[in-house]
Amino acid sequence: MKPTDSAAPASRLQRFAVPALPATILAAAGLALAAGVVHTLGDGDALFPGGPVGWSLAILTGIIVGHLVALGRDRWWGGTGSGAALALAVLLLYGWVPATLVSLAVVVLVGAARRHRWRQAILHGAVDVLGIGAAALGLAFFGIAASVHHPWTPQDWDLAVLPEVLTAAGVYLVVSRALLWLTLAPRTGQLRTVARTAVARQVLVGIALLGISPLIAVCAVHAPLLLPLFAVPLIALDSTLWIARARAEEQLRDPLTGLPNRQWLLERTWSALDDAERVGARSALVLIDLDRFRSVNDTLGHLAGDRLLLQIADRLRHALPRGAEAARLGGDEFAVLLPTTDSLTSSQRVARNLVAALGSPLDLDGLTLVLEASAGVAVFPDHALDAEGLLRRADVAMYQAKRDRSGVELYEAKRDGNTPDRLGLLGDLRRALDAGDVELHYQPKVGFDGHVAGLEALVRWVHPDRGRVPPDEFIAIAESSGLMPRLTEYVLETALAQVARWRAMGLEVPVAVNVSPRDVHSPGFAGAVAARLARHRVPPGALQLEITEHVLLEDPQRAADTLAGLTAHGVKMSLDDFGTGYSSLVHLRRLPVSELKIDRSFVARLAVDNEDAEIVRCTLDLAHSLGLLVVAEGVEDDETWERLRDLGCDAVQGWLVAAAMPPDETTAWLRARGERGWQRESETAALPAAEKAAPSPSGQVLN
């Protein structure tokens with residue numbers, strides 16, 4: 001992956017960092033300072049000027065130290081310009097040893113006032129010693145070697161001395177700031193916005209060095225008692241630097257929770273992906289959204305909602321695994337970056353732990369609230385190669401978790417309707433519906449006495465270039481894109497037209513059509529179905545709609561009204577995929593269904609798995625106690641058939657009976673069964689030869 005300009009500069013500088021660099025800097029600074037002191041004293045020179053100049057410089061240094069301590073901020077990457085400006089002025093006038101003493105006084109005293117930062121203070125002092133020493137070498141290039149007894153006092157401080165001042169200031173800034181970046185850069189990598197602001201701060205420091213330092217030197221020579229007055233511009237410079245840094249931090253911080261914001265997340269993710277690619281590791285992004293948080297705002301007010309978000313943010317901070325970083329993207333949406341993760345499974349496990357932590361009861365003024373959350377997980381490089389793509393795909397997975405009520409979902413490309421490939425497939429599906437190129441196949445449902453209980457209409461699509469497209473794939477595209485109502489209309493229209501043709505042939509068999517929760521929640525759906533029945537002159541009892549319990553999860557009242565309207569028109573309802581949801585027993589009593597279909601996942605292992613057999617038995621007992629018929633899906637062998645018959649199942653559907661067939665083959669299949677109905681091959685093999693040879697009369701199919 002080629003990093004973009006969103007990637008952090010610090011993450012690249014960090015690659016060149018040597019683990020022993022801080023110790024090397026301390027050793028080099030200590031030796032240089034010791035050598036300078038010995039050389040100065042050996043020449044009989046003073047370490048620091050005395051008299052009014054010395055006292056004035058000491059007072060000015062003390063004022064700067066007091067201001068920095070009172071400021072209550074950590075000095076980071078040479079962020080203060082006052083100490084640098086004063087040190088450079090002393091360097092120009094009296095040489096590098098007095099300048100080093102001034103710098104050490106500022107850095108060490110400020111660090112000592114903040115005891116938890118004393119190690120950083122020592123390192124800062126060492127870096128300043130080397131930076132000032134490098135600047136002194138730059139001045140030596142011009143033949144300048146100032147000391148307390150032999151200060152550098154140009155005849156005129158005009159443009160003629162500009163090269164010397166520029167060289168000293170430039171060398172000092174480059175050496176000291178480069179060493180600080182290499183030794184103190186955060187392990188997590190610096191962000192573009194912060195790095196940009198840090199560069200801006202150093203530009204301000206450079207301007208101060210060029211503008212203030214020569215003035216301090218001139219004042220020290222001609223009016224030393226006025227030196228303390230320079231505290232005003234130096235303090236103003238420091239305040240400007242801190243304001244610039246504070247504003248940069250505010251750009252990356254959520255004002256309510258104090259967590260980093262979306263901009264921070266994207267920049268930090270770029271840095272993490274860059275580092276992960278370098279070492280061949282994975283990174284993951286977890287997107288978390290609180291379920292039904294809007295109802296909290298509507299019921300308790302936005303102030304209460306903000307207080308809950310504060311609790312959620314605090315709980316999220318404490319639940320983070322080591323190395324993970326959290327951000328608030330806005331509203332009730334949060335994100336967690338896992339800079340390194342072992343596998344897809346481990347990142348999904350982290351997401352589940354976070355969702356579980358957020359789902360614990362919350363207290364708000366004595367009111368106990370439980371807020372559930374949904375999370376989506378996307379992993380680099382498996383799902384995306386850039387920060388924006390990772391965030392978008394985590395968002396897709398999160399909304400899938402919301403729709404499925406599964407809590408946590410890992411991104412799956414086949415369920416993402418927004419990839420270029422799937423967007424192209426969506427356009428092709430829309431054109432296929434307009435052209436009538438989508439087909440319906442019909443799979444029979446038969447009772448154990450052989451009668452045909454009905455047919456299920458199953459949609460099939462053969463793409464002109466890709467061939468047969470799996471129904472799960474293009475139906476998922478339709479559901480996620482808003483094309484589902486159009487697909488449902490097409491299937492209903494096609495199925496009812498076929499039912500009308502069969503009835504004209506004397507083949508009266510009910511047909512079941514699957515409808516999605518979005519269809520049921522659409523206003524006027526029940527009336528539209530009734531109108532289609534009337535237009536095709538098909539009695540309502542000849543149509544059965546298969547629904548899942550998810551129709552009640554999003555808008556229970558609207559779903560209940562629609563289903564009641566459909567049953568009032570005489571349309572039969574079947575509950576599909578029973579046992580795969582999360583609250584089937586609760587919703588079963590609220591759904592006006594006459595039939596229940598046991599999902600194939602339980603039927604497939606019925607003959608070999610006692611737990612599945614017990615689930616099927618309990619389901620049959622429950623459904624029959626409620627007066628429902630039960631159909632088992634996915635029946636493929638005689639042993640499963642016999643077990644279901646012994647358990648009291650009403651009908652079966654699967655390859656043992658017949659696969660889904662085009663309309664013409666279905667017509668032939670229905671005619672061949674006639675009044676005798678369907679029989680298994682093992683049963684037909686036992687029939688007398690004369691009975692096998694007897695023609696099967698055509699006529700009405702019982703239901």
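All heavy atoms count here, side chains included; hydrogens, waters and symmetry mates do not.
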Sequence neighbours excluded, the answer for ring pair (Phe, Tyr, Trp, His ring centres under 6.0 Å) partners of Trp502 is Tyr442
(request) Ignoring hydrogens and angles, tell me if any N or O in the side chain of Thr494 forms a donor-acceptor pair with the backbone of Val491 under 3.5 Å. (result) no
The salt bridge (Lys or Arg N to Asp or Glu O under 4.0 Å) partners of Arg468 (sequence neighbours excluded) come to none
Ala623 and Leu596 have their tightest heavy-atom pair at CB-CD1, 4.3 Å
Q | Any donor-acceptor N/O pair, Tyr490 side chain to Val438 backbone, under 3.5 Å | A | yes
* Would you say Thr562's side chain and Val520's backbone share a donor-acceptor pair under 3.5 angstrom? -> yes
Could you tell me if Asp519 and Ser516 have a donor-acceptor pair between their side chains, going purely by distance under 3.5 Å?
yes
All heavy atoms of Arg643 vs all of Ala613, minimum pair found to be NH2-CB, 3.7 Å
* To do: Please tell me if the side chains of Pro510 and Gln544 come closer than 4.5 Å, counting only heavy atoms from C-beta onward.
  => no
- Query: Can you find a heavy atom in the side chain of Arg282 that is under 4.5 Å from one in the side chain of Pro381?
  - Reply: yes
Leu287 and Met398 have their tightest heavy-atom pair at O-CG, 3.7 Å
Rounded to the nearest 0.5 Å, the CG atom of Asn514 sits from the CG atom of Leu458 at a distance of 7.0 Å
**Prompt:** After noting the C-alpha distance and the side-chain angles of Glu277 and Leu273, does the key distance pass the side chain to side chain contact (heavy atoms under 4.5 Å, CB included) rule?
**Reply:** CA-CA 6 Å; Glu277 184 192 34; Leu273 299 189; over 6 Å; no
For Ala457 and Val513, the nearest pair of non-hydrogen atoms, with its separation, is CB-CG2, 4.3 Å
For residues 347-359, dump all side-chain donor-acceptor pairs below 3.5 Å to protein atoms at least two apart in sequence or in another chain.
from   : atom 1 : to     : atom 2 : distance (Å)
Ser347 : OG     : Ser343 : O      : 3.4
Ser347 : OG     : Leu344 : O      : 2.7
Asn353 : ND2    : Arg349 : O      : 3.4

What one should report as the nearest heavy-atom pair of Gly389 and Ala384 is C-CB, 3.5 Å
- Item | Any donor-acceptor N/O pair, Gln653 side chain to Pro444 backbone, under 3.5 Å | no
Exercise for the section: Would you indicate whether the side-chain heavy atoms of Leu644 and Val603 approach each other to under 4.5 Å? Expected result: yes
Residues at least two apart in sequence or cross-chain that pass side chain to side chain contact (heavy atoms under 4.5 Å, CB included) with His624, listed by chain then number, are Leu620, Val630, Asp650
Pairwise side-chain contact, Val657 with Val652, heavy-atom cut-off 4.5 Å (strictly under)
yes
Rounding to 0.5 Å, atoms CG (Leu338) and CG (Leu285) come to a distance of 8.0 Å
Is it the case that more than 12 heavy atoms not belonging to Asn610 sit under 6.0 Å from its CG atom?
no
Please determine whether side chain to side chain contact (heavy atoms under 4.5 Å, CB included) holds for the pair Glu409 and Val377, giving the CA-CA distance in whole Å, both sets of side-chain angles, and the decisive distance to 0.1 Å. CA-CA 6 Å; Glu409 287 289 339; Val377 184; over 6 Å; no
For His383 and Tyr411, the nearest pair of non-hydrogen atoms, with its separation, is NE2-O, 3.5 Å
inquiry  = Can you tell me if Arg537 has over 12 outside heavy atoms packed within less than 6.0 Å of its CZ?
reply    = no
| said: Is the shortest side-chain heavy-atom distance between Glu595 and Lys572 below 4.5 Å? | reply: no
Check your understanding: Is any side-chain heavy atom of Pro539 closer than 4.5 Å to a side-chain heavy atom of Arg503?
Key -> yes
_Intermediate values then yes/no, side chain to side chain contact (heavy atoms under 4.5 Å, CB included), Leu425 and Trp461_ = CA-CA 11 Å; Leu425 200 61; Trp461 179 31; 3.9 Å; yes
Here the gap from Arg486 atom CZ to Leu429 atom CG, rounded to the nearest 0.5 Å, amounts to 9.5 Å
- Query: Do the side chain of Ser283 and the main chain of Pro339 share a donor and acceptor less than 3.5 angstrom apart?
  - Reply: yes
Worksheet item: Below 4.5 Å, heavy atoms only, C-beta onward: do Phe525 and Leu545 meet side chain to side chain?
Response: yes
Exactly one of Val511, Val499, Leu496 clears side-chain contact (heavy atoms from CB on, under 4.5 Å) with Leu543, and that residue is Leu496
The side chain to side chain contact (heavy atoms under 4.5 Å, CB included) partners of Glu614 (sequence neighbours excluded) come to Arg617, Cys618
Polar contact flag, side-chain donor to acceptor under 3.5 angstrom, Asp465-His463:
no
task = Would you indicate whether the side-chain heavy atoms of Arg431 and Leu433 approach each other to under 4.5 Å?
result = no
Taken to the nearest 0.5 Å, the spacing of Arg600 CZ from Arg605 CZ works out to 15.5 Å
The side chain to side chain contact (heavy atoms under 4.5 Å, CB included) partners of Asp637 (sequence neighbours excluded) come to Glu639, Thr640
d(Leu507 CG, Gln498 CD) to nearest 0.5 Å is 9.5 Å
- Message: Is there a side chain to side chain contact (heavy atoms under 4.5 Å, CB included) between Val529 and His569? Walk through the geometry before answering.
- Response: CA-CA 9 Å; Val529 171; His569 286 299; over 6 Å; no
In this structure, CD1 of Ile547 is separated from NZ of Lys597 (nearest 0.5 Å) by 12.5 Å
Under 3.5 Å, is there a donor-acceptor pair between the Glu665 and His441 side chains?
no
